[in-house]
There are 2 protein chains.
Amino acid sequence: MPPVAPEGAARSTARRPSDRRTGRGQATCERLRRVAACLFVARGYDGVSLDEIVQAAGGSKTNIYAFYGGKEGLFVAAIEDALGEVLRPLTGADTRGLALEEGLTRLGRALLDALLTPEALALHRMLIGETGRFPRLGAAWYAAGPATSQAAFAGFLARALAGRPEAAEIGLLARLFHDMVAGDLQHRALFEPVPAGEAERAASVAAAVRAVKALTARGG
Amino acid sequence: MPPVAPEGAARSTARRPSDRRTGRGQATCERLRRVAACLFVARGYDGVSLDEIVQAAGGSKTNIYAFYGGKEGLFVAAIEDALGEVLRPLTGADTRGLALEEGLTRLGRALLDALLTPEALALHRMLIGETGRFPRLGAAWYAAGPATSQAAFAGFLARALAGRPEAAEIGLLARLFHDMVAGDLQHRALFEPVPAGEAERAASVAAAVRAVKALTARGG
DNA sequence: ATGAAATGATACCAGCCAGTATCATTCATA
DNA sequence: TATGAATGATACTGGCTGGTATCATTTCAT
């Protein structure tokens, strides 16, 4: 039997988060996060047990409590990783020097292809379901997803339109373009097994581009 | 001990769905469905236990197996009810004889108010999460929600524009209008605790209406 | 090298849950 | 009113889960 713990010290034998960490420990820690992200994204928080994660990743439940404090901590860490991973392509398109139509088409298509990825859809689905329990993750998704891509659209529009509309109009245009490109296809993809194919994506982007051109042809 | 069941008959004492149903039974059956809908919508399939439903609704687990065959059956029945309930306002707006701007504004606002209801948002969230397990329900939601309201928009546009654009363009316009009105506000509402207020709703509808007017001013 | 700390494997606990069984009670109907 | 079916209450089963405890093994700083 261990000696009685001094006043204020941990009274149980629960493992405290380690300060020093072994190389092996670091590897296990990352493996756990990667595997957990995959499982959590596919089946949600309640749908995955710690035993399953451990069995797939190696290590042991002890690690989860030592590294992440518990199931919730592992979940948050894993999903924050996945967020950055899935939405990275949103910021990748290079539109310097492109004209309005060409640039919007490229940006819109990049958005659509990123959002309709199976990984992005699964993550989106899961986050919507868990927003009640983990509000911070939902906010992070919105910030990294729609907010980011709308900002990218706005930046391009400001350049391409060379200040013709007022700044406030630019933001609105960007939002409308975003919704016209992605709204319906993403919505349907969340409920159907097979996301829209090449033809539908191109048509959706083309329609949105035509709309923006019509909206900017006169004063707005 | 019951006599040995004849060949092919139910071998266990599990209660078969009843053919005759008592008045009390009918009442319990409906109470179970109502209460279950409320709980399932709020917390999802796994988040609600049969014992909890029974405790809140009265009756007993026996009823659930007799009336609905099990948890899944009760879930599907309850959610199908809720679908019809929540999306009913979508079809309520009367736009006969209204001009383009006035009619679109009224329809758009009706859509937005229906979609941003706490009940609709909770149902939407939950359905997205359970689509993997219950694909039929997701399809039913899309059909009763976006598809229905897009059809309503298309019907009005066809009347208000008096056949000016071709039919194919009408459908596209309706979809774009739907997405411009609801896309961003609904998306945000799914992740934020408080949905958009009066000012934002009016602004979103107004922007979408202006866009449609601009798109139809010339040939489309 | 060596010993304290980090890590791994495993068993365990308490609680929850879907589904079933059993028996008491209530209802519809003849 | 009498009777058989429908309904209600309750307990049980088998399985799973998050979290903890225990002890063996590995790592790494000294």
Side-chain angles (χ1 to χ4, degrees), chain A residues 1-5 9-33 35-36 39-40 43-76 78 133, chain B residues 1-5 9-33 35-36 39-40 43-76 78 133:
Chain A
M1 185 212 266
V4 173
R11 198 154 310 197
S12 81
T13 61
R15 220 157 293 189
R16 326 247 56 253
S18 54
D19 41 352
R20 268 187 282 174
R21 177 159 315 167
T22 292
R24 187 171 49 144
Q26 187 62 31
T28 301
C29 180
E30 283 159 16
R31 228 178 321 121
L32 281 169
R33 212 166 52 231
V35 169
L39 293 171
F40 280 135
R43 303 212 301 274
Y45 183 80
D46 283 327
V48 184
S49 75
L50 294 187
D51 287 313
E52 187 178 0
I53 295 171
V54 162
Q55 193 184 2
S60 70
K61 275 198 282 189
T62 315
N63 302 132
I64 293 178
Y65 287 87
F67 296 150
Y68 299 105
K71 192 182 186 183
E72 297 201 356
L74 174 59
F75 179 80
V76 170
R133 220 185 322 214
Chain B
M1 186 210 267
V4 173
R11 198 154 312 199
S12 81
T13 61
R15 221 158 292 190
R16 327 247 54 255
S18 54
D19 41 354
R20 267 187 283 175
R21 180 163 309 168
T22 292
R24 187 171 49 144
Q26 188 60 32
T28 301
C29 181
E30 283 160 17
R31 230 180 318 123
L32 280 169
R33 213 167 49 232
V35 168
L39 292 171
F40 279 136
R43 303 211 302 273
Y45 183 81
D46 283 327
V48 183
S49 75
L50 295 187
D51 287 311
E52 187 178 2
I53 294 171
V54 162
Q55 193 184 2
S60 71
K61 274 198 282 189
T62 314
N63 302 131
I64 293 178
Y65 287 87
F67 296 149
Y68 299 105
K71 190 181 187 183
E72 297 201 355
L74 175 58
F75 180 79
V76 169
R133 221 186 320 216

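Letters A, B, ... mirror the listed sequences (proteins, then strands); counts begin at 1. Only this structure's heavy atoms are used, side chains among them; waters, hydrogens and symmetry mates stay out.
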Please list, chain by chain and in numerical order, all residues satisfying side-chain contact (heavy atoms from CB on, under 4.5 Å) with A/D46, sequence neighbours excluded. A/R133
Can you tell me how far C1' of C/dT7 sits from CD of A/Q26, to the nearest Å? 13 Å
Is the base of D/dG19 touched by the side chain of A/K71 through a donor-acceptor pair closer than 3.5 angstrom? no
Quickly work out the B/N63 CG to C/dA24 P distance and round it to whole Å. 19 Å
So, under a plain 3.5 Å distance rule, would you say the side chain of B/S49 forms a donor-acceptor pair with the base of C/dA18? no
Nearest-Å distance for atom pair CG/P, residues A/D51 and D/dT20: 14 Å
To the nearest Å, give me how far apart CD1 (A/I64) and P (D/dT17) are. 13 Å
Just how far, in rounded Å, is P of C/dA11 from CD of A/Q55? 14 Å
Rounded to whole Å, CD of A/E72 lies from P of D/dT17 at a distance of 17 Å
Of B/K61 and A/V48, the one whose nearest nucleotide on DNA chain D sits closer to the 5' end is B/K61
Rounding to a whole Å, what distance do you find between A/I53:CD1 and D/dC16:C1'? 15 Å
Locate the shortest heavy-atom distance separating B/G59 from B/V54; write the atom from each residue and the value. O-CG1, 3.4 Å
Would you say A/T28 places a side-chain N or O within less than 4.0 Å of OP1 or OP2 belonging to C/dG8? yes
Round to a whole Å and report the spacing from CG of B/L39 to P of C/dC17. 12 Å
Quick one, A/K71 with A/Y45, criterion side-chain contact (heavy atoms from CB on, under 4.5 Å). Give me CA distance, side-chain angles, the key distance, then yes/no. CA-CA 9 Å; A/K71 192 182 186 183; A/Y45 183 80; 3.5 Å; yes
Using the side-chain heavy atoms of B/L50, tell me which of these nucleotides is nearest: D/dA9, D/dT20, C/dG19. C/dG19
So how far is it from B/I53 CD1 to B/N63 CG, rounded to the nearest 0.5 Å? 12.0 Å
Of the options D/dT7, C/dT7, C/dA9, whose atoms approach the side-chain atoms of A/T62 most closely? C/dA9
The side chain of B/R24 lies closest to which of these nucleotides: D/dT7, D/dA11, C/dT7? D/dT7
May I ask you to verify if any side-chain N or O of A/S60 is less than 4.0 angstrom from the OP1 or OP2 atom of C/dT7? no
Atom pair CD1 (A/I64) and CG (A/L74), whose distance is rounded to the nearest 0.5 Å: 5.5 Å
Look at all strands and tell whether A/V54 reaches a base, only sugar-phosphate, or nothing, counting heavy atoms closer than 4.0 Å. nothing
